[in-house]
Each structure stands twice: as structure tokens, then as C-alpha cells.
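So the structure is just underneath, and the comments pick up after that.
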Amino acid sequence: MSSLVQTHSRSLGSLPTVGPIAYGLWRFTDDDVATGRALIETALDAGMNLIDTADVYGFDWGGTGFGQVEEILGRVLAATPGLRDRIVLATKGGIAPPTPYDSSPKYLRAACEASLTRLQTDVIDLFQIHRPDMFTHPADVAITLHALRVEGKIREVGVSNHTPAQVAALQAHLEFPIITNQPEFSAVQLAPLRDGTLDQCMEERITPLAWSPLGGGRLATGDDVAPDLVALLDSLAQREGVDRSHIAIAFVLAHPSAPIAIVGSQNVDRVRSSTAALGVTLDRADVYAIVQASEGVPLP
Ligand code: NAP
């Protein structure tokens, strides 16, 4: 049976190639450097060399914690010689609680420079606009990104949670390509299949970074997931000799846009075993069965 699951490394512009599974630090709030180091080294050893964070990670929406995850990561990097060089470091700016979004030139530059300081690094490999600021003209966003790149503070640019039209509007003002878009995409979040996000990625050679490939854990626990979908994933897992969560990751990797799945477990064994997804075979009938079980209706 030929597999749709794309296990090759992904090319991201001028950056070193990255594995098809990335490691995300949204839930990385343990203040202990040794714990953080163990998680990151586990991910790197498993080939997950794109590490995704954001300046807002750690913020508790009660008003504190902004920058906390970057700050912990910065301490891990500073304490571990050679670690920074093994990582393709992705972060995001542009969420400015409680505004909530700000990509104005002054704010975005300050956010990027603050990320560099917290991360204790000279350059961010992939700087992403976390969410679109609908009240900043994309030309102004582009001018800021261009300047940060010329100054050597960022290497490549991506976006997150942008509609295809928002990506196109920013790209129209940028002299270099947007190389990633980061949508939520999983067996319980299929919108990017039909809203143009993944089509645009293929059209423009943008790599999708799929956030919450396990639906934030729901696909692992089965909570709040259609029972037919859980049963199908379980039967595929049994056939493939893996866990249900590995089938869910493999489903994300099976789209022809060659997404990168960003897993977010804080458990070293689960981080390590995520790569079992790369051994999974899913054919066209399997992925369409997942879509139909997720939506609860047959495709026409
Ligand atoms: P996820 O991999 O879908 O979910 C991770 C969660 O699933 C963790 O709480 C984990 O718990 C749980 N889990 C995994 N396997 C499990 C199992 N076998 N049994 C029970 N629970 C299990 O991803 P995510 O953390 O939601 O998001 C991943 C990354 O995507 C984030 O770190 C961030 O980089 C990115 N993200 C981006 C945006 C954006 O707006 N751009 C938004 C959200 C996330 P344990 O820790 O206990 O394993």
C-alpha cells in the first residue's frame, strides 16, 4: 500500500532543513532549566529541530507571564553549549494583550527585539506574525519585517492564523517570500482543507505549520471527539501498531502541501514517540475515512 504520509525533511527558504514534526513550546511553563533542556534535547534527538514558540506564551490572560516561555527557553539555550546551533528557532510577535493585536512598526520592532533579548540569541530564524492586526496596513508590516531582516535580527518570515487573502496582502508588499503559515489543522480541525489556506500554501510554496495536530490533546484522550472518529483512529492504530495520536499526526502529514505537525506534549516519552507517526502508512481511503468520520457526514 503506498502511503500519503510525507516523512521527508522540509525546506524553509535559507534555513537549514527541518523535520516533518516540530516541537512547540506553548505549554512549556515549567521554570526548571533541566526539565526544559530534557524536553528540547529529546525533541532534537528525535529529529524535531524546528522549535516553535511565541512572545505571548506563558501569558495567563490575568495580566502576567508575557514572555515567560521565551525567557525559560533563553535560559536553557544559555546553559547548554551548542544547543542553539541545533535549533531552527521560530517565534512569533504581534499579540499584545489586552489590545489584542499590534503589528504597527513601532510595536513589532520592539516585540522582536524583546524576543531576541529573552531568547539570549542574536537572530530569530523564523519570525512569525502571530495573528493578523487588521488595523495595520500590510505595507507597514512589510517595511518592519524587511528592516529587521536587513539588520540581521530575523532570517525568514512566516505568518500564523492568516487567511489566504491576508497572506496575499502582506506578500504583495514584501520583497522576499513568506515561507510559512501556521493554521490549526488536525483530524478535528479540517477548515484549512477548504478555506484556501492549504491551497495557497501549495500555490505559493508556503510550508504549513499545523498547530495542535492532536487537537490540543483531545485526539489522544478521545474527549469531545466524535465516537466514530475515535473508533476509526483506533482501528487504524491497531492496523499500524501505533497509538491513536500517531495516526492523528500522520493524517496531518498526509496532506500534499507537506505540512509540518507541531506537537506540544510536555512528556518526554510522548515527545520521543511522536516519531512513530513517520512509520504509519495511510492511503487515500484512510484519509477520506478520517475526514468523513470527523465531519459525521459522507462526502458527496
Ligand atoms: P497537541 O500536540 O495537539 O496537544 C498537546 C497536548 O496533548 C498536551 O496537553 C499533551 O499532554 C496532550 N497529549 C498528547 N498525547 C497525549 C496522550 N497520549 N494522552 C493524553 N494527553 C496527551 O499540540 P498543542 O500543545 O495544542 O500545540 C502544539 C504547538 O502548536 C504549540 O506548542 C505552539 O507551538 C503551536 N500553537 C500555535 C498556535 C497559534 O495560534 N499559532 C496556537 C496553539 C498552538 P502532555 O503534555 O501531558 O503529553
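For ligands, and for the atoms within them, numbers begin at 1 and follow the listed sequence.
Those atoms of ligand 1 with a heavy atom of Asn161 less than 4.0 angstrom away are 39 (C), 40 (O), 41 (N). If you number the atoms of ligand 1 from 1 as listed, the ones under 4.0 Å from a heavy atom of Thr221 come out as 20 (C). Close approach to Val263 involves these atoms of ligand 1, each under 4.0 Å from a residue heavy atom: 2 (O), 28 (C). The Lys92 neighbourhood of ligand 1 comprises atoms 41 (N), with distances under 4.0 Å to a heavy atom of that residue. Close contacts of ligand 1 with His130, meaning ligand atoms under 4.0 Å from a residue heavy atom, involve 39 (C), 40 (O), 41 (N). Interface atoms of ligand 1 facing Gly215, defined by a heavy-atom separation under 4.0 Å, are 3 (O). Those atoms of ligand 1 that come under 4.0 Å of a heavy atom in Ser265, given as number and element, are 45 (P), 46 (O), 48 (O). Short contacts between ligand 1 and Ala220, defined as distances under 4.0 Å to a heavy atom of the residue, involve ligand atoms 15 (N), 16 (C), 17 (C), 18 (N), 19 (N), 22 (C).
Of the protein's heavy atoms, Arg270 NH1, 3.8 Å lies nearest to atom 11 (O) of ligand 1. Of all protein heavy atoms, the one closest to atom 34 (O) of ligand 1 is Asp52 OD2, 2.6 Å. Protein heavy atom at the shortest distance from atom 26 (O) of ligand 1 is Ser212 OG, 2.6 Å. Ranking the protein heavy atoms by distance from atom 7 (O) of ligand 1 puts Gly217 CA, 3.0 Å first. Nearest protein heavy-atom neighbour of atom 43 (C) of ligand 1: Trp211 CE3, 3.0 Å. Looking only at protein heavy atoms, the nearest one to atom 14 (C) of ligand 1 is Leu214 CD1, 3.6 Å. Distance from atom 41 (N) of ligand 1 to its nearest protein heavy atom, with residue and atom name: Ser160 OG, 2.8 Å. Looking from atom 28 (C) of ligand 1 to the surrounding protein, the closest heavy atom is Ile262 O, 3.2 Å.
Between Thr53 and ligand 1, not a single N/O pair is under 3.5 Å apart.
Of the possible polar contacts, none joining the His246 side chain to the Gly279 backbone as a donor-acceptor pair under 3.5 Å is found. Ser294 places a side-chain N or O within 3.5 Å of a backbone atom of Ala187 that can act as its donor or acceptor partner. Under the 3.5 Å distance criterion, the side-chain polar atoms of Asn181 are matched with a main-chain donor or acceptor of His162. Under the 3.5 Å distance criterion, the side-chain polar atoms of Arg149 are left unmatched by any main-chain donor or acceptor of Glu156.
For the 3.5 Å distance criterion, the side chains of Glu204 and Gln171 fail to qualify, holding no donor opposite an acceptor. Side-chain contact check for Thr121 and Arg84: at least one donor-acceptor pair (N or O, by modelled atom type) lies under 3.5 Å. At a cut-off of 3.5 Å, with distance as the only test, no side-chain donor of Glu184 or Ser212 sits close to an acceptor on the other residue. In summary, the side chains of Thr197 and Asp195 do present a donor paired with an acceptor at a separation below 3.5 Å, with no hydrogens or angles considered. Between the side chains of Asp243 and Ser245, not a single donor N or O lies within less than 3.5 Å of an accepting N or O.
When heavy-atom distances to ligand 1 are checked against a 4.0 Å cut-off, Gln266 comes that close through both its backbone and its side chain. By the criterion of a heavy-atom distance under 4.0 Å, neither the backbone nor the side chain of Ala54 is placed next to ligand 1.
For Ser245, the closest heavy-atom approach to ligand 1 does not fall below 4.0 Å. Ligand 1 lies less than 4.0 angstrom from a heavy atom belonging to Tyr57. Heavy-atom distances between Arg244 and ligand 1 stay at or above 4.0 Å for every pair.
Linking ILVMFWY side-chain heavy atoms closer than 4.5 Å, directly or via other members, places Val287 and Val5 in a single hydrophobic cluster.
Distances from atom 6 (C) of ligand 1 to the heavy atoms of Gly216, Gly264, Gly222 show the closest one on Gly216.
Comment: Arg244 engages Asp234 in a salt bridge, judged by a side-chain N to carboxylate O separation of less than 4.0 angstrom. Between Arg109 and Glu151, at least one side-chain N (NZ, or NE/NH1/NH2) sits under 4.0 Å from a carboxylate O, which counts as a salt bridge.
Within a 6.0 Å radius of CZ in Phe176, other residues, nucleotides and ligands contribute more than 12 heavy atoms.
Nearest heavy-atom pair across Asp52 and Tyr57 is OD2-OH, 4.1 Å.
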